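I have placed the structure first, in the form of structure tokens, so that the comments after it can refer back to it.
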Amino acid sequence: MMRRLALAVIAAGAVTGLIATPASASSTFSVVQPHQRYAGKTYGQWSAAWWQWAVSAPDPDSPLNDPTGENCAVNQSGPVWFLAGTPGTSSPSCTVPAGKAILFPVITAECSSVEKNGTTEAELRACAANYINHATALHASVDGTPIDLGPAGSRFRFQSPFFRICFVPDNPIYPDGGKGRSVSDGVWVLLRPLPPGQHEINFTGTISIPEATPPVNFQISVNYHVTVADQSSDYEEPEIPAYWRW
């Protein structure tokens, strides 16, 4: 249970948080607002896509177990670039191609039929919501400028649709692998493409469920050093392995 929580509840930041220093690039950024779509998808739909990506790579290639950022480009595809946190405190570095929006979970959890968290959509929604209902100390900033998440992250809290998920064997969330249905819940931020140059993205959160057996007291801290490449940089979309697709 604790291993799954430590990896399935992906947040970034400890209770105290980190202070992002000003970046050398322009600190101007734009957040996709909760009611808006980006590239045709809602926040909830993008959160499902993030989870499908998150379980698509086995260790040691998974971005979920990568405190350095070396694996940040693994299986990235499409108009939105996904960032993930790792348990503990880390300061990963990641180069993002120009023109990519960036999605990160301030904190998130998923429950699936594969992991035997439930069999119906209602059961899986209740399971994921229970984790996020206990989330506190939520914070996000870009280049030192805080993002207003609302009380307890409520402005940017979203549940996903009832989506298909494929855990590749040896992935850090559910190493046995398997295909099934899932629901995620969490607090998410989707940034429109940042200007080329250096940026820092910091987000914080914790989950405490003292009445659980065993009690849950989960914290994680990530301060991303993001380099947005200029338009002249060569970047080719990787071929996504077929074995994790439906």
Side-chain angles (χ1 to χ4, degrees), residues 2-23 25 27 29 31 46-47 49-51 53-57 59-76 80-96 100-110 131-132 134-147 149 152-153 156-158 171-173 184-191 194 198-208 216-228:
M2 287 302 295
R3 171 175 169 78
R4 180 184 179 278
L5 183 63
L7 291 166
V9 181
I10 305 297
V15 177
T16 56
L18 294 172
I19 299 175
T21 56
S27 61
F29 66 94
V31 178
W46 279 119
S47 71
W50 185 97
W51 271 106
W53 164 80
V55 299
S56 70
D59 278 333
D61 299 322
S62 172
L64 302 187
N65 269 351
D66 175 27
T68 68
E70 181 180 358
N71 297 332
C72 78
V74 169
N75 289 348
Q76 298 277 6
V80 176
W81 193 271
F82 300 140
L83 296 182
T86 57
T89 299
S90 61
S91 296
S93 297
C94 182
T95 298
V96 177
K100 297 280 189 179
I102 297 175
L103 177 71
F104 59 87
V106 180
I107 200 161
T108 184
E110 66 84 32
Y131 287 122
I132 306 306
H134 291 85
T136 59
L138 303 177
H139 168 81
S141 67
V142 177
D143 297 335
T145 301
I147 297 170
L149 301 175
F156 287 88
R157 182 175 175 177
F158 303 94
N171 77 89
I173 301 295
S184 71
D185 199 330
V187 177
W188 298 84
V189 173
L190 178 56
L191 301 174
L194 294 170
Q198 305 296 317
H199 298 273
E200 289 200 7
I201 298 176
N202 169 250
F203 36 108
T204 73
T206 186
I207 287 181
S208 179
V216 173
N217 184 16
F218 177 77
Q219 301 175 15
I220 188 170
S221 177
V222 178
N223 191 43
Y224 263 99
H225 304 278
V226 173
T227 301
V228 177

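Fair warning: this is a prediction, and the values are worked out from it, not measured in the lab.
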May I have the step-by-step check of side-chain contact (heavy atoms from CB on, under 4.5 Å) for Val189 and Leu103, ending in yes or no?
CA-CA 6 Å; Val189 173; Leu103 177 71; over 6 Å; no
State the OG-CG distance between Ser91 and Asn223, to the nearest 0.5 angstrom.
5.0 Å
Checking the side chain of Asn71 only, and the main-chain atoms of Pro60 only, is there a donor and an acceptor separated by less than 3.5 Å?
yes
Residue set satisfying side chain to side chain donor-acceptor pair (under 3.5 Å) with Thr68, at least two apart, ordered chain then number -> Asp66
Applying side chain to side chain contact (heavy atoms under 4.5 Å, CB included), can you list everything that pairs with Val96, at least two apart in sequence or on another chain?
Trp81, Cys94, Lys100, Ile102, Val226
Could you please spell out the steps behind the side-chain contact (heavy atoms from CB on, under 4.5 Å) verdict for Val31 and Phe156?
CA-CA 11 Å; Val31 178; Phe156 287 88; 3.9 Å; yes
Hey, are the side chains of Arg157 and Leu149 touching, using non-hydrogen atoms and a 4.5 Å cut-off?
no
Sidechain-backbone polar pair: Thr206 side chain, Ala137 backbone, donor-acceptor under 3.5 Å
no
Using modelled atom types and a 3.5 Å cut-off, is there a donor and acceptor pairing between side-chain atoms of Ser62 and backbone atoms of Leu64?
yes
Closest heavy-atom contact between Asp59 and Pro172?
OD2-CB, 3.8 Å
Any donor-acceptor pair under 3.5 Å from Asp143 side chain to Glu200 backbone
yes
Between Ala140 and Val106, the two heavy atoms sitting closest are CB-CG2, 4.1 Å
Determine whether Phe104 and Val222 satisfy the following criterion, side-chain contact (heavy atoms from CB on, under 4.5 Å), listing intermediate values before the conclusion.
CA-CA 11 Å; Phe104 59 87; Val222 178; over 6 Å; no
Atom pair OH (Tyr131) and CD (Glu110), whose distance is rounded to the nearest 0.5 Å:
9.0 Å
Thr108 side chain to Asp185 backbone, donor-acceptor under 3.5 Å
yes
Please give me the minimum heavy-atom distance between Ile107 and Ala135, naming the atom from each residue.
CG2-CB, 4.0 Å
Might you work through the side-chain contact (heavy atoms from CB on, under 4.5 Å) test for Gln76 and Trp53, ending with a clear yes or no?
CA-CA 8 Å; Gln76 298 277 6; Trp53 164 80; 3.5 Å; yes
Kindly compute the distance separating CD (Gln219) from CD1 (Ile207), expressed to the nearest 0.5 Å.
11.0 Å
Which heavy atom of Leu190 sits nearest a heavy atom of Ala101, and at what distance?
CD1-CB, 4.1 Å
Interatomic distance, CZ@Phe82 vs OG@Ser47, rounded to 0.5 Å, equals 9.5 Å
If you take all heavy atoms of Cys72 and Thr95, which pair is closest and at what distance?
SG-N, 4.1 Å
Minimal non-hydrogen separation, Ile173 against Asn171, with atom names:
N-OD1, 2.8 Å
Applying ring pair (Phe, Tyr, Trp, His ring centres under 6.0 Å), can you list everything that pairs with Trp188, at least two apart in sequence or on another chain?
Trp50
